Amino acid sequence: MYTFRFEGTVTGINYLTMLADSIFPAIRALYGNDDFYFQLDGAPPHYHRDVRAYLDQNLSGQWIGRRGPIEFPARSPDLTPLDFFLWGTVKDGVYKRKPRNIDILWNEIQAVCREISLDVLIRCTESVVTRTQNCIDAAEKISGYTVVPISRRVVMKSNREFENRAAIIVALRAGRSPKEIVDFLKLPKTTIYRVKKQFDEADSNKEGIATRKKHSRRSDRVRGEEFVKNVKEKIDGNPGKSMRAIAKEMDVGSMTIVRTIHEDLGLKSYALRKGQLLTENMKNNRKGKAAALLNNLKHDSFGMLRFFSDEKNFDVDQKVNPRNDRWICKDPSEIPVVMHTKFPASVMVLGVISSEGDVMPPHFFEKGLRMNADTYINVLETVVKPWMDMVAAGRKYVFQQDSAPAHKAKKTQSWLTLNVPSHWGPDIWPPNSPDCNPLDYYVWGVVERDVNKAPHTTIQSVKKAVHTVMTQMDKVIVAKACASFRTRLETVVANNGNYIE
């Protein structure tokens, strides 16, 4: 395996330089000739005319790609070993080590790549043939989609358990590995490993193990003091290990481990959280400004109506939560495929809400419009301030905005000082604080959930959906979300500037 590090944007020219100076010399040094095929997808740098000319000259008839002698199917990560295997494996290995800067990240990437065995890479590339045939077969059934169907053995006889165990034994006799059997039969790993263990230990009458033995003891009798202690030690050693993996190591059912963790140890399994990296200086800055803002709430802006603002991009693609979005059906082939475009059309939206739950109709920035101080001031003057004045109806109010470049520009700050005397600018609003802005921690999530629950065909459809959702938001619920603003600031201070969610 060969890895190459790009500095900056990947263009056709530096991609060609990489091929000519690094990739092809390394391949020729390994094989000693040009008796190989080279595959690439349809990314713009790969499709560059100089790149195609170089490949035609140096690998005539032996490269696979867009407009090449052998066409590669567009939008086919399911046919590229790097997409369906390598990148996921590398990311899993690299991010477990928590690299702190770009150089350490690069070293970890190379280290993980070196750890992948040649046998695994060979089997991975050989599976491309099967996947390609699966795509052809699926295309005949599902017009317009390229889907890799999941093979599944359907047992129709009444004694399903006997048939499953017999199928496992047949696969073991054929020399298949447990992982291959899991992928093919779609049976629980614990069942397959248990049958394999019995199969390996049986001196004679291997056929007899197809019949299930008498049931083992109830799980509450297995879960003795020593057993619970062993489970606790495994969790302490690696809290990220799955319950299924622990069950396999201890040769018990997965539900036994589930009950042990939940009932005996009083623990729960949570999803890992993601957050933006904060340096010590950033944490101190957040803490200091959150404390200053709390002081402002007690004195300068006490009793004032508050207006919060923020921008967000919405695109035409459907959004999927891979953890929570589920589909109930009999067979995985019935699950609808959520398609994503490579470069979806998008629109930037400005939202403003009040602490009493009022929601301003969304303002959409025109495509290609550069967001600078002049553009932002024009929106404040013609859209935002008139709406805030109307909602406030003569009452005093304070306006919030984050530290985006157009927001903290001197020109913008001067305009706000003259026209909106009470406002929280970059001198008091905590930086890197989406956990303190009600639009970030509540409004945008609700809007995106409803707007992108289905794909859109045009950007006008997106705008219409955003406008509908925002103008129909429950005023009481928005006001409750804003009410937690002060508590969140206090939590930021108590947590020494760390993220609170």
Side-chain angles (χ1 to χ4, degrees), residues 1-28 30-31 33-91 109 113 121-149 315-318 337-346 367 455-459:
M1 186 190 307
Y2 184 84
T3 55
F4 182 86
R5 176 177 175 178
F6 282 104
E7 300 292 347
T9 305
V10 182
T11 65
I13 300 303
N14 57 25
Y15 183 75
L16 175 59
T17 302
M18 177 202 67
L19 288 180
D21 297 346
S22 301
I23 299 297
F24 278 22
I27 296 176
R28 288 175 178 131
L30 183 63
Y31 291 100
N33 54 43
D34 287 342
D35 188 18
F36 62 87
Y37 282 78
F38 184 73
Q39 178 269 329
L40 64 169
D41 60 26
H46 305 174
Y47 185 60
H48 193 281
R49 61 183 179 182
D50 291 344
V51 173
R52 287 183 284 142
Y54 176 83
L55 291 173
D56 285 335
Q57 182 179 357
N58 290 270
L59 273 182
S60 179
Q62 292 178 225
W63 64 277
I64 305 167
R66 184 180 176 190
R67 300 294 185 270
I70 304 173
E71 281 277 359
F72 186 75
R75 302 178 181 86
S76 297
D78 47 356
L79 299 182
T80 308
L82 289 94
D83 279 311
F84 67 71
F85 168 74
L86 184 64
W87 297 142
T89 302
V90 172
K91 286 173 68 176
I109 291 172
C113 287
L121 292 175
I122 291 174
R123 284 189 290 157
C124 177
T125 53
E126 287 176 346
S127 71
V128 172
V129 177
T130 305
R131 285 173 168 264
T132 304
Q133 184 59 53
N134 285 340
C135 283
I136 295 171
D137 296 341
E140 295 175 356
K141 299 178 181 179
I142 311 174
S143 178
Y145 294 92
T146 302
V147 181
V148 179
D315 59 49
V316 297
D317 281 351
Q318 180 179 351
V337 180
V338 177
M339 299 298 185
H340 281 181
T341 52
K342 198 165 188 178
F343 302 105
S346 62
K367 181 180 179 180
H456 297 268
T457 55
T458 65
I459 207 66

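What you see is a predicted model; the values in this text were computed from it and never measured. Note: hydrogens, waters and symmetry copies are ignored here, and every other heavy atom, side chains too, is used.
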field: Tyr47 OH to Leu40 CG distance, which is reported to the nearest 0.5 Å
entry: 12.0 Å
message: Checking Thr89 now: which residues fulfil side-chain hydrogen bond (donor to acceptor under 3.5 Å, both in side chains) with it, not counting sequence neighbours?
response: none
message: When you measure from the side chain of Asp317 to the backbone of Thr341, do you find a donor-acceptor pair of N or O atoms at a distance under 3.5 Å?
response: yes
field: Side chain to side chain, Met1 and Leu121, heavy atoms closer than 4.5 Å
entry: yes
statement: Taking every heavy atom of Ile70 against every heavy atom of Gly61, the minimum-distance pair comes out as CD1-O, 4.4 Å
- prompt: At what distance, to the nearest 0.5 angstrom, does NE2 of His340 lie from CZ of Arg75?
  reply: 13.5 Å
- line: Here the gap from Leu19 atom CG to Leu59 atom CG, rounded to the nearest 0.5 Å, amounts to 9.5 Å
query: So, for Gln62 and Pro69, which heavy atoms are closest and what is the spacing to 0.1 Å?
result: N-CG, 4.2 Å
- request: Decide side-chain contact (heavy atoms from CB on, under 4.5 Å) for Val128 and Gln39; before the verdict, give the C-alpha distance in whole Å, the side-chain angles of both, and the deciding distance to 0.1 Å.
  value: CA-CA 12 Å; Val128 172; Gln39 178 269 329; over 6 Å; no
Partners passing side-chain contact (heavy atoms from CB on, under 4.5 Å) against Thr130 (at least two apart in sequence or in another chain): Asn134
message: So which atom in Asp78 and which in Phe84 form the shortest heavy-atom distance, rounded to 0.1 Å?
response: O-CD2, 3.5 Å
field: Test side-chain contact (heavy atoms from CB on, under 4.5 Å) applied to His48 and Ile13, step by step
entry: CA-CA 8 Å; His48 193 281; Ile13 300 303; 4.1 Å; yes
message: Pair Ser127, Phe85 - check side-chain contact (heavy atoms from CB on, under 4.5 Å), show working.
response: CA-CA 11 Å; Ser127 71; Phe85 168 74; over 6 Å; no
- request: Can you see which heavy atom on Pro45 is nearest to which on Tyr15, and at what distance?
  value: O-CD2, 3.9 Å
message: Quick check against the 3.5 Å criterion: does Thr80 have a side-chain atom that pairs as donor or acceptor with the backbone of Pro77?
response: no
message: Is there a side-chain contact between Ile459 and Val316 in this structure, where contact means two heavy atoms from C-beta onward sitting under 4.5 Å apart?
response: yes
Can you give each donor-acceptor pair under 3.5 Å made by side-chain atoms of residues 5-12, sequence neighbours left out, with the distance rounded to 0.1 Å?
| residue | atom | partner | partner atom | Å |
| --- | --- | --- | --- | --- |
| Arg5 | NE | Glu7 | OE2 | 3.1 |
| Arg5 | NH1 | Asp103 | OD1 | 3.4 |
| Arg5 | NH2 | Asp103 | OD1 | 3.4 |
| Thr11 | OG1 | Asn14 | N | 3.3 |
| Thr11 | OG1 | Asn14 | OD1 | 3.4 |
| Thr11 | OG1 | Asn14 | ND2 | 3.4 |

query: Which residue pairs pass the ring pair (Phe, Tyr, Trp, His ring centres under 6.0 Å) test when at least one of the two sits in residues 53-83, sequence neighbours left out?
result: Phe24-Tyr54
message: For Trp87 and Leu82: C-alpha separation, side-chain torsions, deciding distance, then whether side-chain contact (heavy atoms from CB on, under 4.5 Å) applies.
response: CA-CA 6 Å; Trp87 297 142; Leu82 289 94; 3.4 Å; yes
- line: residues 54-71 vs salt bridge (Lys or Arg N to Asp or Glu O under 4.0 Å), sequence neighbours excluded, gives Arg67-Glu71
message: I need the Thr17 OG1 to Ile23 CD1 distance, nearest 0.5 Å.
response: 12.0 Å
Flag, side chain of Thr125 to backbone of Ile122, donor-acceptor distance under 3.5 Å: yes
- prompt: Is there any salt bridge (Lys or Arg N to Asp or Glu O under 4.0 Å) pair reaching into residues 40-52, and which pairs are they, with sequence neighbours excluded?
  reply: none
- request: Taking all heavy atoms of Leu55 and all of Phe38, pick out the closest pair and write down the distance.
  value: CD2-CD2, 4.2 Å
